[in-house]
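In what follows, chains carry the letters A, B, and so on, assigned in the order in which the sequence lines appear, proteins first and then strands, with residues in each chain numbered from 1.
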Amino acid sequence: MQRNKGITQKEGQSVFALVDCNNFYVSCERVFNPALEGKPVVVLSNNDGCVIARSNEAKSLGIQMGAPAFKCKGLFARHGVRVHSSNYTLYADMSKRVMDTLGRLAPEMEVYSIDEAFLSLAGFDDPVEYSRFIRNTVKRWTGVPISVGIGRTKTLTKAAGWFAKKEQAYGGVVDISAGGDELLERLEVGEVWGVGRRYAKMLIEAGISTALGLRDAPDEWVRKRMGVAGLRTVWELRGTPCTPLKQAGAHKKRIVTSRMFGTLVEGLPELREAVAAYASRAAEKIRSQESVASSITVFITTNRYNGDPRYSESATTRLPVPTSYTPELIRCAHAGLEKIYKPGYRYNKAGVMLADIVPAREMQLGLLAPLVHARDYSQLQRLMSSIDHINAQWGSGTIWYAAAGGGEGARGAEGTEGAENRSRQGWRMRRSLLSPMFTTDWDEIPAVKA
DNA sequence: TCTGGGGTCCTAGGACCC
DNA sequence: TCTGGGGTCCTAGGACCC
């Protein structure tokens, strides 16, 4: 290891692969509905707000990523586009299947996102051939098509992956260590991993328009204009690894649960319900990584597009003792909400963020003594883990918190109206075009007729 | 009271990613 | 009617301390 300007560099020959699921959410829908094959298909964000996944056919129609769904209605109708609400339960389950498969095929891997993973292929005689094998195996075992980019650094695998995905001629696998310069010259600088819109504009104005140009830019100049992160990107383009594979099991440093509401919300009671539901979900997430949080932030905001008077505010509460205990987190979230809530506004989004996260086992029991008897504390932990277990087995929302005003069932919006003392539940999501929970709900597993 | 260097911690905001 | 929901890292500046 050698150090220079904040960059850690590893010696030795490295070979990485980037596995990227093609149009992942659309591919998940297709696995269970083969009639979608060859058709233009899109998947919408929560509340059916905008387009977040497109099949190749939909991309060819000019449908943009992030396009508001209401602006695409005409186009969808004219071309018979199949439109789906997002079904994260299904996608998360499919993702796990893909990642489990990859885990069996590579000695080391980093799950980078719901649809991407980096693998280490150091030591394989023929990484290209092996990547084709991986590609076929994932397709056969899960039904999901993938592309693979191969290179000496993660940044180079991303560049290779871009060609593997965009240019069919490669057959889904591209190794950038052969003919790298030619590919880097064909890659627009804005497509480089780590170069976003701002830097792309700056680089183009400075006369650097391709990945190759960026690779050959002087260190000092890059350092000054793009910081050490930019310098790391440039070194990686040159084949020097600066970002190793992230260890499996690394815990998140922040956990956010936030949603746009199904309809605009004015009253405090409804906001309290929404915030309780989000705090409860965030608490589940943090318990699943066996951590506790030392601070909780609640935020609310009005619609930024509809011309309403705008207001958005957040409140952070430091927890006297780091915790993952749902009722305590709901209590603090409510206290924060009371501080920032202003009547007279129509809110369209709220959220809860847990921060200053530490592993539960590192929390010193001594800290707890003045507040909770140690035995009580372990009882609380057992209670939480029983609830999580039941919800995992029988579906999220089987057991929920009264403060959240009714189960956050996987399908969300149904069956909670009418009870006394209950708000109108306008904050719940709209998902009118939802596909069935094929893999995670006993009632919706497809039946095979023999 | 003023002057100065240097260190740490925290926070807000910017840039990026999917 | 109608515009997602997560994350990471870095930097600059202020407060505070010696």
### Message
Donor-acceptor pair, distance only, cut-off 3.5 Å: does the side chain of A:T326 make one with the backbone of A:S280?
### Response
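Here the side-chain-to-backbone pair does not exist.
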### Task
Heavy atoms of chain A, cut-off under 4.0 Å: which first and last nucleotide of DNA chain B, 5' to 3', fall inside that, if you could look?
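Contacts span B:dA15 to B:dC18, reading 5' to 3'.
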### Query
Do A:V31 and A:T142 touch side chain to side chain, with heavy atoms closer than 4.5 Å?
no
Across the strands shown, which category fits [X] at heavy-atom distances under 4.0 angstrom: base, sugar-phosphate, nothing?
{"X": "A:D115", "value": "sugar-phosphate"}
{"X": "A:K154", "value": "nothing"}
{"X": "A:T257", "value": "sugar-phosphate"}
{"X": "A:I255", "value": "sugar-phosphate"}

### Query
Mapping A:H251 and A:G227 to their closest nucleotides on DNA chain C, which lands nearer the 5' end?
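Checking each residue's closest nucleotide, the 5'-ward one belongs to A:H251.
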### Message
Please compare A:K253 and A:N306 by the position of their nearest nucleotide in DNA chain C and report the one closer to 5'.
### Response
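Whichever sits nearer the 5' end wins; that is A:N306.
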Applying salt bridge (Lys or Arg N to Asp or Glu O under 4.0 Å), name anything that partners [X], two or more places apart in sequence or on another chain.
{"X": "A:R238", "answer": "A:D219"}
{"X": "A:R198", "answer": "none"}
{"X": "A:R82", "answer": "none"}

### Proximity to DNA chain B (any heavy atom under 4.0 Å), residues of residues 190-215 of chain A only
A:V192, A:W193, A:G194, A:V195, A:G196, A:R197, A:R198, A:Y199
#### Entry: Within residues 95-114 of chain A: residues closer than 4.0 Å to DNA chain B (heavy atoms)
A:Y112, A:S113
### Task
Give a yes or no on this: more than 12 heavy atoms of other residues, nucleotides or ligands lie within 6.0 Å of atom CD of A:Q247.
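Not buried by this count: 12 neighbours or fewer within 6.0 Å.
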### Partners meeting side-chain hydrogen bond (donor to acceptor under 3.5 Å, both in side chains) with A:K349 (sequence neighbours left out)
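In terms of side-chain hydrogen bond (donor to acceptor under 3.5 Å, both in side chains), with neighbours along the sequence ignored, A:K349 is linked to no residue.
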### Task
State which residues pass side-chain hydrogen bond (donor to acceptor under 3.5 Å, both in side chains) with A:N348; sequence neighbours excluded, sorted by chain then number.
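Partners of A:N348 by the side-chain hydrogen bond (donor to acceptor under 3.5 Å, both in side chains) criterion come out as none, since no residue qualifies.
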### Message
Taking C:dC16 as the reference, what is the distance to B:dG4 when you measure between their C1' atoms (whole Å, please)?
### Response
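B:dG4 and C:dC16 have their C1' atoms separated by 16 Å.
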### Summary
For DNA chain B, the dot-bracket notation using Watson-Crick and G-U wobble pairs below 3.5 Å, [ ] for pseudoknot-type crossings and | for other-strand pairs, is ....||||||||||||||
### Task
Go through the side-chain N and O atoms of A:E188 and A:T210 and say whether any donor and acceptor fall under 3.5 Å apart.
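No.
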### Query
When you check the side-chain N and O atoms of A:Q425 and A:E273, is any donor under 3.5 Å from an acceptor?
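Yes, A:E273 and A:Q425 have a side-chain donor paired with an acceptor closer than 3.5 Å.
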#### Entry: Where at least one partner belongs to residues 143-153 of chain A, residue pairs that pass salt bridge (charged side-chain N to carboxylate O under 4.0 Å, His left out), sequence neighbours excluded
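Pairs touching residues 143-153 of chain A that pass the test: none.
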### Task
Could you name each residue pair satisfying side chain to side chain donor-acceptor pair (under 3.5 Å) that touches residues 97-110 of chain A, not counting sequence neighbours?
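Residue pairs with at least one partner in residues 97-110 of chain A: A:D93-A:R97, A:K96-A:D100, A:E110-A:K154.
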### Task
Applying ring-ring contact (aromatic ring centres under 6.0 Å, His included), name anything that partners A:Y170, two or more places apart in sequence or on another chain.
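Checked A:Y170 against ring-ring contact (aromatic ring centres under 6.0 Å, His included); zero matches.
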